[in-house]
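Okay, structure first, notes after.
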There are 2 protein chains.
Amino acid sequence: MYQYKYPHPAMTADCVVFGFDGKQLHVLLIERGLEPYKGSWALPGGFMKIDETVEQCALRELKEETGVEDIYLEQFHVFSAVGRDPRERVVTVAFLALVRKSDFRLIAGDDAAGASWFELGKLPPLAFDHHDIIDMARKRLPELMRTKPIGFKLLDEKFSMNELQRLYEAVNGTTYDRRNFARKMSSTGLLRDEGVSPVAAHNRFPNLYSFDEKAYKAESEGHFAPENPFNV
Amino acid sequence: MYQYKYPHPAMTADCVVFGFDGKQLHVLLIERGLEPYKGSWALPGGFMKIDETVEQCALRELKEETGVEDIYLEQFHVFSAVGRDPRERVVTVAFLALVRKSDFRLIAGDDAAGASWFELGKLPPLAFDHHDIIDMARKRLPELMRTKPIGFKLLDEKFSMNELQRLYEAVNGTTYDRRNFARKMSSTGLLRDEGVSPVAAHNRFPNLYSFDEKAYKAESEGHFAPENPFNV
DNA sequence: ATTTTGATGTGTCAAAATGACGCACTAATT
DNA sequence: AATTAGTGCGTCATTTTGACACATCAAAAT
């Protein structure tokens, strides 16, 4: 038993892990193996240990429950509504990640009866306020992808211009003109040309690209990019 | 005494409140009246009550310690390093706010021996990891001001184009061409023309503007603005 | 008293970025 | 046999951006 002079909340980390299949955004969920909400789907996550940071907690829980590891996680919001967990006062730090679905085969861990991908828009009923958490993560995505070149984390190492466009269209909920899209993407100077694909798409062998991390690092050292509408 | 089966962290909220004096960005700090770090300067903030959200906590503590209230607060990061508080394990949710300095006269509250503004870059030694917190808030500012029209919260209701430009220059750490700046700001359609100022600046009576909240709301209902470099 | 500094108003022009769009080809699907 | 989807290639008008000059005069500095 641990005693405190004042009541303390429990602290958890929850992860919204996004994947992409060329058409739709997906979210990684686990089936809860324990009460409360046993049998319901939920975000991977769990209680913070007293000697770890929330970041360490998020990575640990994600690995334990789904097998997914070595990924880029980013805090995006704290959910602290008073009644959000029926057991006790629980404050959660929500994280957001983008991964290549093909990089992982999912396992079911400790507290999770199973882990699997769900299409956004076809989510099952979720435990706690996890629907709200996913909603907010989804809203942050466009902004995040405008700011940092993290969209590439959702695609294979090498990708066609069409695949990249599909991703941006899915995230931003629009369509782009194919030629203008390619022109603008190329003009960033961050796409390394990987030559022609060995596998045909429809009729041609499309050119492939990869994200040029070095070029990005070199460039972002230098300057801040201006932007609209208050970028001046 | 409150007992738990597992150790729980204490939870706090800390506020980085920015002000602007026409030249420099300022931060609102309090002088701690209690141990630890008694006598040191620190961010306004404090322990979350068990029946309030972190947002409510941030607003309450800010009001108690400085008298500042009714302002826009936004979560920006959770700081959870294990040793960041000498008393016990404390996880803090950091908030960021922009206010008109002239709107408030500071009071010294409960746990605070005093509250006052400090120029960024001339900060005193701070308690805990509050320097890191301010650093991160400062880094978020440009991005935040590009995304939302919150810069206006730092200026008086009516402001000259020059004042607005100074603000953007201070936040982004650059200079802009006066005419191009005005052209672009005006083109947003979010500045209401408030006519000529009754007080002279140097030689002329500059035109004044105010932020047109209605125009902004009406516009942002409609569409997402595209941006660089991954805005496509 | 004189000089310097800073804020203001007013427009132009070349370069760059953007958005819209047409045509031809063919593998895979229907 | 017809349709669909992905690919390659490029143009053109419009919009946006960035750079820049001159005149004025109050306030501040010397």
Side-chain angles (χ1 to χ4, degrees), chain A residues 20-24 146 155-156 158-170 172-191 193-209 219 222-232, chain B residues 20-24 146 155-156 158-170 172-191 193-209 219 222-232:
Chain A
F20 185 66
D21 68 351
K23 281 275 187 186
Q24 305 283 331
R146 267 200 298 270
L155 301 175
D156 289 335
K158 299 180 182 182
F159 48 85
S160 70
M161 193 57 84
N162 187 20
E163 290 168 327
L164 186 60
Q165 181 171 349
R166 292 307 183 87
L167 171 60
Y168 273 83
E169 290 180 339
N172 295 328
T174 355
T175 56
Y176 301 106
D177 178 87
R178 181 169 56 92
R179 292 144 292 186
N180 294 343
F181 180 90
R183 179 216 288 158
K184 193 159 179 183
M185 271 297 161
S186 298
S187 77
T188 64
L190 301 183
L191 295 186
D193 190 319
E194 297 286 355
V196 173
S197 169
V199 293
H202 286 85
N203 68 333
R204 304 290 181 89
F205 296 83
N207 201 26
L208 295 182
Y209 303 88
E219 151 173 320
H223 43 82
F224 276 65
E227 271 157 53
N228 277 333
F230 299 101
N231 70 70
V232 188
Chain B
F20 185 64
D21 68 350
K23 281 278 187 182
Q24 304 283 329
R146 267 200 299 270
L155 301 175
D156 288 336
K158 301 180 182 182
F159 47 84
S160 70
M161 194 58 85
N162 188 28
E163 291 168 327
L164 186 60
Q165 180 172 351
R166 291 307 184 88
L167 172 60
Y168 273 83
E169 290 180 339
N172 295 327
T174 354
T175 57
Y176 302 106
D177 178 88
R178 183 168 56 93
R179 292 143 296 185
N180 294 342
F181 180 90
R183 180 216 287 158
K184 193 158 179 184
M185 271 297 161
S186 299
S187 76
T188 63
L190 301 182
L191 295 185
D193 191 318
E194 297 285 356
V196 174
S197 168
V199 293
H202 286 86
N203 68 334
R204 305 290 181 88
F205 296 84
N207 201 27
L208 295 183
Y209 302 89
E219 150 173 321
H223 43 84
F224 276 66
E227 273 157 50
N228 278 334
F230 300 101
N231 72 70
V232 189

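All chains are named by letter (A, B, ...) in the order of the sequence lines, taking the proteins before the strands, and each is independently numbered beginning at 1.
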### Task
Measure across B:L155 and B:E163 and return the closest heavy-atom pair with its distance rounded to 0.1 Å.
CD2-O, 4.2 Å
### Message
Does D:dT16 have its OP1 or OP2 closer than 4.0 Å to a side-chain nitrogen or oxygen of B:S187?
### Response
no
### Task
Measure from CE on B:M161 to C1' on C:dG6 and round the result to the nearest Å.
18 Å
### A:F20 versus A:A170, closest heavy-atom pair with distance
CE1-CB, 3.7 Å
### Task
Using a strict cut-off of less than 4.0 Å between a Lys/Arg side-chain nitrogen and an Asp/Glu carboxylate oxygen, indicate whether B:D21 and B:K23 qualify as a salt bridge.
no
### Task
Send over the distance from B:D193 CG to C:dG9 P, rounded to a whole Å.
10 Å
### Query
Roughly how far, to the nearest 0.5 Å, is the CG atom of A:N172 from the CD atom of A:E169?
9.0 Å
### Query
Please give, in whole Å, the distance from D:dG6 C1' to A:E163 CD?
11 Å
Would you tabulate the pairs of protein nitrogen or oxygen atoms and nucleotide nitrogen or oxygen atoms of nucleotides 11-13 of chain C closer than 3.5 angstrom?
none

### Query
Whole-Å distance between C:dC25 C1' and A:F205 CZ?
13 Å
#### Entry: Spacing of B:E169 atom CD relative to C:dG6 atom C1', expressed in whole Å
13 Å
### Task
From the options D:dG8, D:dT7, C:dT8, select the nucleotide whose nearest atom is closest to the side chain of A:N207.
D:dG8
### Task
Examine D:dT16: is either OP1 or OP2 under 4.0 Å from a nitrogen or oxygen in the side chain of B:K184? Give yes or no.
no
### Query
Between B:D156 and B:K158, does at least one N-O distance fall below 4.0 Å, as a salt bridge requires?
no
Just the table, please: protein N/O against nucleotides 3-5 of chain D N/O, every pair under 3.5 Å.
none

### Message
Nearest whole Å is fine: how far is D:dT7 P from A:Y176 OH?
### Response
18 Å
### Task
Return the value, rounded to whole Å, for the distance between atom OH of B:Y209 and atom C1' of C:dT8.
11 Å
### Task
List the steps and the verdict of side-chain contact (heavy atoms from CB on, under 4.5 Å) for B:K184 and B:Y176.
CA-CA 11 Å; B:K184 193 158 179 184; B:Y176 302 106; over 6 Å; no
### Task
List the steps, then state whether side-chain contact (heavy atoms from CB on, under 4.5 Å) holds for A:L164 with A:F181.
CA-CA 9 Å; A:L164 186 60; A:F181 180 90; 4.0 Å; yes
### Shortest non-hydrogen separation from A:N207 to A:G195 and the atoms involved
OD1-O, 2.6 Å
### Query
Just how large is the angle between the end axes of the helix from C:dA1-D:dT30 to C:dT30-D:dA1, five pairs per end, to 10 degrees?
40°
### Summary
CG of A:L208 to OG of A:S160, rounded to nearest 0.5 Å, is 6.5 Å
### Query
Is the backbone of A:R179 close enough, under 3.5 Å, to the side chain of A:D177 for a donor and an acceptor to pair up by distance?
yes
### Message
Using the rule given for side-chain contact (heavy atoms from CB on, under 4.5 Å), can you reason through A:M161 versus A:L191, listing the C-alpha separation, both sets of side-chain angles and the distance that settles it, and then say yes or no?
### Response
CA-CA 10 Å; A:M161 193 57 84; A:L191 295 186; 3.9 Å; yes
### Task
Can you tell me the distance, in whole Å, between the CZ atom of A:R178 and the P atom of D:dG10?
13 Å
